[in-house]
Number of protein chains: 2
Amino acid sequence: MRLVIATCSVDYSGRLTAHLPMAPRLLMVKADGSVLIHADGGSYKPLNWMSPPCKLTEDVDTGVWSVTNKAGEELRITIDQVHSDTAYELGIDPGLIKDGVEAHLQELLAEHVHTFGDGWTLVRREYPTAIGPVDLLCRDADGRHVAVEIKRRGEIDGVEQLTRYVELLNRDPLLAPVRGIFAAQLIKPQAKVLATDRGLECLTVDYDALRGMESDVLRLF
Amino acid sequence: MRLVIATCSVDYSGRLTAHLPMAPRLLMVKADGSVLIHADGGSYKPLNWMSPPCKLTEDVDTGVWSVTNKAGEELRITIDQVHSDTAYELGIDPGLIKDGVEAHLQELLAEHVHTFGDGWTLVRREYPTAIGPVDLLCRDADGRHVAVEIKRRGEIDGVEQLTRYVELLNRDPLLAPVRGIFAAQLIKPQAKVLATDRGLECLTVDYDALRGMESDVLRLF
DNA sequence: GACTCGATGTCGAGT
DNA sequence: ACTCGACGTCGAGTC
């Protein structure tokens, strides 16, 4: 990884046209050839960049860097002054290990389906339908089928999704009548209103408690 | 901006839980307090990060950095070895100037609506409907209303959107019958097929030429 | 402040 | 290679 602190201006032409006026910035050149231009603020997103695979050519005389890719996009960096130019060998990163995502929530709820209520059983995870798989298909104590849609954060689009599933499943005489449960770590007020309006039930899931396999992890609204 | 090359491991807990094993990486601390952890590859997105506003506290004895924000999220960086630690004053960046985005396309087409055809007039930009604003509402030479949906890149979801608008507008006896035009710099084949199937027209817009105010900027399919 | 929508989105999985 | 969907989406504009 090469780190250059330089006063530069930048022009990007590709999917759009963009320009950065002359100012001091950090230029990061990664081992895969990608280039990132960062300012001292903003967010994790660079001011501008070129994603790999791409090629950097440097004109030492004019101080112009040209980064191009196969699609014909170009990032042109005009350097007025170099304040620092260093390079480091970092090696390949072992990579990020994620946890607490929707898949894990689904796994936990599938394992502890009885926590939805006494006498509940799991029919199957990822129950297939014509418009996509339902996260969980269960049966309640009365033997009624229940479609469960699981999200980390419950928003309107998730309710729409569940609505479509329940509607579809209810057309199947072997399944109907089908209840719908919208389960999420956090359910936004709007989503809750819409779900209730659609005759669906909402469930707030306590992820940490569920991991601890407590029986009172779920609060039904 | 402070740049630290260090062998470190990272733990994030917040909206999800994530872990990075011990490895050499770049730690970028920006003036607004945000912290980015970059590897020597991947993309412009850091391996992990904390967005501003946040606070960095550094325990010199244990070599542990803790970055926290108001929402209770924490980024914990355990440093095994520091290879380099430098800081630079970059100042506030003048910021990116974008061009060629959808808003600009809409502006240009609204200005040069006569280029759709002789005798065309603009009713209004962002014509409001119950399901959202139509980009342009025009009238053709025959006085028929035309709904125009503008995208940089024309894909299927844009066609769906236009379909809904045209359907809705056609319910209004004061407007019906309404034509629909799908205008984009690049229209994907699938989108073109779907649009044609729906009775909509497709239009490829030459952005550079339109900026040059040529009269033959549009090619109607 | 909350909500909506676009993005050079990015990223990953499936086909 | 392409499509589809989720994202710690981010960020800008609006209400």
message: I need the CE-C1' distance between A:Met50 and C:dG9, as an integer number of Å.
response: 15 Å
- request: May I ask which nucleotide in the shown strands pairs with D:dA1, Watson-Crick or G-U wobble, both distances under 3.5 Å?
  value: C:dT15
message: Expressed as a whole number of angstroms, how long is the span from B:Asp32:CG to D:dC10:P?
response: 14 Å
B:Asp93 CG - D:dG11 P separation (whole Å): 14 Å
query: Atom CD of B:Glu126 and atom P of D:dA12: how far apart are they, to the nearest Å?
result: 18 Å
statement: Paired with B:Leu27, the side-chain contact (heavy atoms from CB on, under 4.5 Å) test is passed by just one of B:Val4, B:Leu3, B:Val10, B:Val82, namely B:Val4
message: Between the side chains of B:Arg25 and A:Asp93, is the shortest nitrogen-to-carboxylate-oxygen separation below 4.0 Å, so that they form an ion pair?
response: yes
query: Looking at A:Lys98, does any N or O in its side chain come under 4.0 Å of the phosphate oxygens OP1/OP2 on C:dG12?
result: no
task: Check step by step if side-chain hydrogen bond (donor to acceptor under 3.5 Å, both in side chains) holds for B:Ser66 and B:Arg76.
output: CA-CA 5 Å; B:Ser66 171; B:Arg76 181 174 287 268; 4.7 Å; no
- request: Ignoring backbone atoms, test whether A:Trp49 places a side-chain nitrogen or oxygen under 4.0 Å from the OP1 or OP2 oxygen of C:dG9.
  value: no
C:dT10 pairs with, by Watson-Crick or G-U criteria that keep both distances under 3.5 Å: D:dA6
query: Rounded to whole angstroms, how far apart are OH on A:Tyr12 and P on C:dG9?
result: 8 Å
field: Rounded distance (Å) that lies between atom C1' of C:dA7 and atom CD of A:Glu73
entry: 14 Å
message: Nearest whole Å is fine: how far is D:dA12 C1' from A:Lys45 NZ?
response: 12 Å
task: Could you please name the option among D:dC10, D:dA6, C:dG6 that lies closest to any side-chain atom of B:Gln161?
output: C:dG6
field: Rounded interatomic separation in angstrom, taking OH from B:Tyr44 and P from C:dT10
entry: 5 Å
- prompt: Can you list the residues that meet the ring pair (Phe, Tyr, Trp, His ring centres under 6.0 Å) rule with A:Tyr44, with sequence neighbours excluded?
  reply: B:Trp49
